[in-house]
Amino acid sequence: MVVAELINYTIPTLKPTDTVEKAIEMMELANVKQLILTEDNIYRGMISLELLEYQDDEQTLLMDLIPEYENIFVKLNQHPFELIGIFQQSDTEIIAVVDNDFAFKGSIAKIDVLNSLSNQLAANELGAILEIKIKDLDYSLAEIARLVESNGTKVLSSLLNKSDSEERDNILTLKLNKQDISHTIATLERFGYEILATFASEPIKSVEKERYDMLIKYLEI
């Protein structure tokens with residue numbers, strides 16, 4: 001998937017000849033606080049609602065204002081993951097998409113990116129979430145996936161939260177296709193992986209309690 005596939009063609013754009021009044025109306029209709037400004041189909045930056053509200057005359061033309069975020073945009077062939085950092089740094093609701101000649105191709109809304117990533121990460125799929133503490137030297141997603149699948153469980157998606165300090169461990173988050181992952185946890189712990197947290201709609205069974213109950217049952221025979 002590339003950025004071009006996430007373009008939202010329902011988001012309007014502004015022209016330098018639009019008035020402050022018209023720009024505010026367009027933002028209200030689109031339910032956003034920024035809109036892209038283009039001139040001759042070239043991206044010129046964004047106009048924010050905050051900037052417009054500072055204007056005394058609603059008939060002021062946008063060409064008389066200084067656009068914001070002129071350097072905030074993405075190219076057609078970039079990956080949607082790159083949009084996360086851009087949205088976080090710019091604190092905008094939308095981002096312009098341009099080609100190599102900076103011709104404007106469309107807008108992408110933050111909510112569209114979140115929905116796309118949610119689908120890619122299987123966030124809406126039924127199953128447990130597992131957090132594992134891990135060091136760089138010990139990290140092998142292939143090995144961890146093999147251990148998980150040895151219990152009949154599959155990894156739907158994974159995220160590695162790398163620590164910015166050499167003294168701290170990384171956190172690997174796995175989305176699995178099952179809710180009861182007691183045996184998967186036991187396998188990972190047996191191979192030295194430290195489980196930080198589990199999240200599932202069904203309670204995680206205690207592996208030690210299972211062994212204890214089996215022993216008691218055996219002794220009662």
Side-chain angles (χ1 to χ4, degrees), residues 1-10 74 76-89 93-95 97 108-218:
M1 175 176 282
V2 293
V3 160
E5 299 175 53
L6 296 181
I7 291 178
N8 187 333
Y9 294 101
T10 67
V74 292
L76 287 166
N77 60 352
Q78 287 185 244
H79 192 278
F81 273 176
E82 298 179 75
L83 288 168
I84 299 175
I86 297 174
F87 272 120
Q88 185 178 24
Q89 293 171 13
E93 294 181 341
I94 60 176
I95 288 179
V97 181
I108 293 178
K110 183 185 294 185
I111 187 63
D112 295 326
V113 177
L114 294 177
N115 289 337
S116 173
L117 293 179
S118 176
N119 291 331
Q120 291 184 56
L121 296 174
N124 297 321
E125 297 289 334
L126 190 65
I129 298 173
L130 188 62
E131 287 188 351
I132 306 171
K133 181 191 291 187
I134 196 164
K135 296 182 183 298
D136 280 334
L137 293 176
D138 299 329
Y139 176 61
S140 170
L141 183 58
E143 172 65 13
I144 293 172
R146 185 187 67 79
L147 295 175
V148 169
E149 291 175 358
S150 70
N151 290 276
T153 304
K154 292 187 179 299
V155 177
L156 298 179
S157 66
S158 65
L159 283 174
L160 181 64
N161 184 10
K162 290 186 68 66
S163 170
D164 54 4
S165 171
E166 294 183 358
E167 300 176 356
R168 297 177 57 187
D169 295 318
N170 305 317
I171 298 176
L172 176 66
T173 301
L174 301 178
K175 177 64 182 287
L176 308 177
N177 71 330
K178 291 185 178 181
Q179 292 173 287
D180 184 358
I181 56 172
S182 303
H183 295 295
T184 299
I185 292 173
T187 298
L188 291 171
E189 289 180 334
R190 190 165 66 251
F191 281 83
Y193 292 101
E194 181 179 347
I195 308 301
L196 291 179
T198 58
F199 305 88
S201 56
E202 291 183 1
I204 303 297
K205 299 176 183 178
S206 169
V207 176
E208 293 299 326
K209 185 177 185 305
E210 283 185 2
R211 292 172 179 167
Y212 174 79
D213 290 342
M214 289 175 62
L215 176 61
I216 295 299
K217 186 175 181 179
Y218 174 79

> Taking the side chain as C-beta and beyond, is there a heavy-atom pair between I95 and V113 under 4.5 Å?
Replying inline: no
>> On a heavy-atom basis, which atom in E131 and which in T173 lie closest, and how many Å separate them?
In response: CG-OG1, 3.8 Å
> For the atom pair CD (E5) and CD1 (I108), what is the distance rounded to the nearest 0.5 Å?
Replying inline: 10.0 Å
>> Do V2 and L76 have side chains that approach each other closer than 4.5 Å (heavy atoms only, starting at C-beta)?
In response: no
>> Nearest 0.5 angstrom please: I111 CD1 to N8 CG, how far?
In response: 11.0 Å
>> Would you compute the distance between atom OG of S157 and atom CD1 of I129 and round it to the nearest 0.5 angstrom?
In response: 8.0 Å
> Given I144 and V155, is the side chain to side chain contact (heavy atoms under 4.5 Å, CB included) satisfied, shown in steps?
Replying inline: CA-CA 9 Å; I144 293 172; V155 177; 6.0 Å; no
> Atom CG in N170, atom NZ in K133: separation rounded to 0.5 Å?
Replying inline: 11.0 Å
>> My understanding is that only residues two or more places apart in sequence, or in another chain, count here; which of them pass side-chain contact (heavy atoms from CB on, under 4.5 Å) with F191?
In response: L147, T187, Y193
> With a 4.5 Å heavy-atom cut-off, do L83 and L6 have their side chains touching?
Replying inline: yes
>> If we ignore hydrogens and angles and just use 3.5 Å, is the side chain of D169 paired with the main-chain N or O of I171 as donor and acceptor?
In response: no
>> Would you say that V3 contacts N77 through its side chain, given a criterion of any heavy-atom pair below 4.5 Å between the two side chains?
In response: no
>> Could you check whether any side-chain heavy atom of I132 comes within less than 4.5 Å of a side-chain heavy atom of I195, counting everything from C-beta outward?
In response: yes
> Hey, does I181 have a side-chain heavy atom less than 4.5 Å from the side chain of N151?
Replying inline: no
> Given the rule in the side chain to side chain contact (heavy atoms under 4.5 Å, CB included) test, do L188 and L130 qualify, once you have shown the distances and angles that lead to the verdict?
Replying inline: CA-CA 11 Å; L188 291 171; L130 188 62; 3.6 Å; yes
> What residues form a side-chain contact (heavy atoms from CB on, under 4.5 Å) with E93, not counting sequence neighbours?
Replying inline: V32, K33, Q34
>> Can you confirm whether N177 sits close enough to T153 that some side-chain heavy atom of one is under 4.5 Å from a side-chain heavy atom of the other?
In response: yes
> So, for K154 and E149, which heavy atoms are closest and what is the spacing to 0.1 Å?
Replying inline: CA-CG, 4.4 Å
> Short question: side chain of E82, backbone of H79 - any donor-acceptor pair under 3.5 Å?
Replying inline: yes
> CG of L176 to OG1 of T198: how many Å apart, nearest 0.5 Å?
Replying inline: 10.5 Å
> Atom CD1 of I86 and atom NZ of K110: how far apart are they, to the nearest 0.5 Å?
Replying inline: 12.5 Å
